[in-house]
Amino acid sequence: MLNRRSLLKAGAAAGVLAAVPVGLVLGAQPRRAAAATTPFTVPLRVPRPLRPTRLADYDLYRLTSREADVAILPGTTSRVRTLGGALSPLIVARRGRPVIIEQANALDVPFSMHLHGGHVPAHSDGHPDNEVAPGRSRLFRYPNNQPASTMWVHDHSHHAHAENIYRGAAATYVLTDPAEDALPLPKGQYDVTLQLRDAKLEDDGTLVYDLHGFQDRPTFLVNGSPRPYFEVAARKYRFRLVNTSNERAFVLRLGEGDEFTHIATDGGLLPAPVPSRILQVWPAERQEIVVDFSKYPVGSKIVLSTMMTFPGEAPEVLRFDVVRTADDPSSVPATLRPVADLGTPAVERTFAMSFDPQRGQHLINGKPFDVNRVDFRPKLGVTEIWTIENKDVDFTIPHSLHPHLEHFQVVDRNGKPAGPNEAGLKDTITVMPGESARIKIKFTDYTGRFMFHCHLMGHLTMGMMGQMEMAR
Ligand SMILES: [Cu+2]
């Protein structure tokens, strides 16, 4: 986790070129909740897993990217883009059993489906070369030969992706495996996926998009519900948080800073649980926690809020209403998953992330994305160390790096070893202005071209992406 100073900087830095006075970032927030955003009037939508066609060797899903009119604000409908007609659909897959998704594109823009966190062949990774044109369809094959984790599916077509994600086309993809099943963590109805995002909604329900409007998206949606409430039993729950926002970071706290248990990140379970009171969820990241509601009397209402807001925004994200007691056979074991051995690094690379105001572009190592350029060629099976440097001190812009195909380990931040909250596998790392981080990564199994990029969608749209070609 970042320290308090970094948090303040993060708060000041959450928007491109935005300098938010520190006093407005943490502490008392001006409340100006419009009728549209009155918190806790709508119940949380809890998605049920989509039903695949079960074939002998794989599960088949048909997911159409299309517009739909859905109820978000009470009494209105909102025209959104979806994967399959609803917001926040959920796919639950099993390690060792492949999933094939037939993706049909009924939008009037290109769509290229990407399983974020997926260890998948190049042809199924959502490379811009594999865009599905409007009216066409394509098969995406996900082998699911990787440890259990919470992933998500979104568009990766270059230029349309930011708007497609913002307008709602994002699915949660939970991969389970026997090792995780064997742990006594909360299961079934007590294991809940929470897609978090910001949005700008007019009172009539209209969802307003602007690539650079991230400071003006004051409503928070959880699984497509605006600042909802969720009725829980007085026992432990596992929450899988996925930040699908284009650029919004959530710095979450529960109640007045109550303790919860951090158990997993992008690539699945941490080596050991980490008692925590603050949880950062940066764009595209997944963070999983266990909350034990048995310490609250029935009738308690506990608010999950974000400590990083812009002036005029309300901090509330979600309220847990403890409405009943329940048996609780679950527990959080002292060890969760062994640390992965990614080997000894043989290759070093540096990624300097910067905004170029002259060109109006976001660059990696001084270059914007060019689909005709391969930036480097990793060898499969060779361990690499990457240094990610955020050069945007003057503009105070955070950047992240998300390499496709493989998870990585965070080695250190600014020379200091990564903390216990980053001791598991990650696939997206955010680095504050003027800071640096080192990661260890080893690509395996699949040759071909894969992307690496910043996951702040405005930056990505404005060039902050490159491609690597894997070779044996
Ligand atoms: Cu960036």
Side-chain angles (χ1 to χ4, degrees), residues 2 6-7 9-20 114 116-117 128 152 154-166 197-198 210-215 217 243-251 266 280-286 308 310 349-370 375 386-404 408 410 413-414 426-439 450-468:
L2 303 174
S6 298
L7 264 181
K9 280 172 76 180
V16 177
L17 309 184
V20 178
H114 171 59
H116 183 117
W152 64 296
H154 65 78
D155 175 37
H156 223 291
S157 66
H158 200 39
H159 299 300
H161 43 15
E163 186 167 3
N164 280 334
I165 294 170
Y166 179 84
R197 58 162 296 182
D198 58 2
D210 167 10
L211 178 61
H212 303 296
F214 47 85
Q215 282 184 72
R217 293 173 178 170
N243 185 350
T244 66
S245 304
N246 278 16
E247 300 198 355
R248 164 84 54 170
F250 290 91
V251 180
D266 303 336
Q280 300 187 36
V281 198
W282 286 83
E285 278 187 340
R286 285 84 68 216
M308 211 161 94
F310 290 105
R349 304 186 197 278
T350 299
F351 299 79
M353 320 287 284
S354 66
F355 175 63
D356 181 343
Q358 266 79 45
R359 291 202 261 183
Q361 284 182 314
H362 287 270
L363 312 174
I364 301 178
N365 292 335
K367 294 178 208 155
F369 177 63
D370 178 352
D375 293 274
W386 292 8
T387 302
I388 302 146
E389 299 173 344
N390 183 336
K391 299 291 192 187
D392 276 323
V393 181
D394 293 346
F395 299 109
T396 61
I397 309 170
H399 293 294
S400 62
L401 193 68
H402 168 51
H404 286 204
F408 54 77
V410 183
R413 286 182 178 271
N414 306 312
K426 293 277 297 162
D427 59 40
T428 307
I429 183 169
T430 302
V431 179
M432 294 302 120
E435 304 200 344
S436 69
R438 290 196 307 157
I439 63 173
F450 293 85
M451 322 306 297
F452 61 94
H453 58 87
C454 177
H455 221 294
L456 279 78
M457 294 306 298
H459 305 183
L460 171 52
T461 304
M462 293 161 70
M464 204 163 237
M465 179 158 74
Q467 57 185 336
M468 45 194 177

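Remember, it's a predicted structure, so these values are computed and weren't measured experimentally. Heads up: numbering here begins at 1 and tracks the sequence. Numbering of ligands and ligand atoms starts at 1, following listing order.
- The Cu ion (ligand 1) lies under 2.8 Å from an N, O or S atom belonging to C454.
- Using the six-membered ring where Trp is involved, H455 and H402 have ring planes that are tilted, between 30° and 60° apart.
- Using a 3.5 Å distance cut-off with no hydrogens or angles, the side chains of H114 and H161 do not pair a donor with an acceptor.
- The Cu ion (ligand 1) is closest to atom ND1 of H459 (considering only N, O or S atoms).
- The N, O or S atom of H399 with the smallest distance to the Cu ion (ligand 1) is ND1.
- How far NZ of K391 is from CE of M353: 12.0 Å, rounded to the nearest 0.5 Å.
- Between H116 and H154, the ring planes lie tilted relative to each other; the angle falls in the 30° to 60° range.
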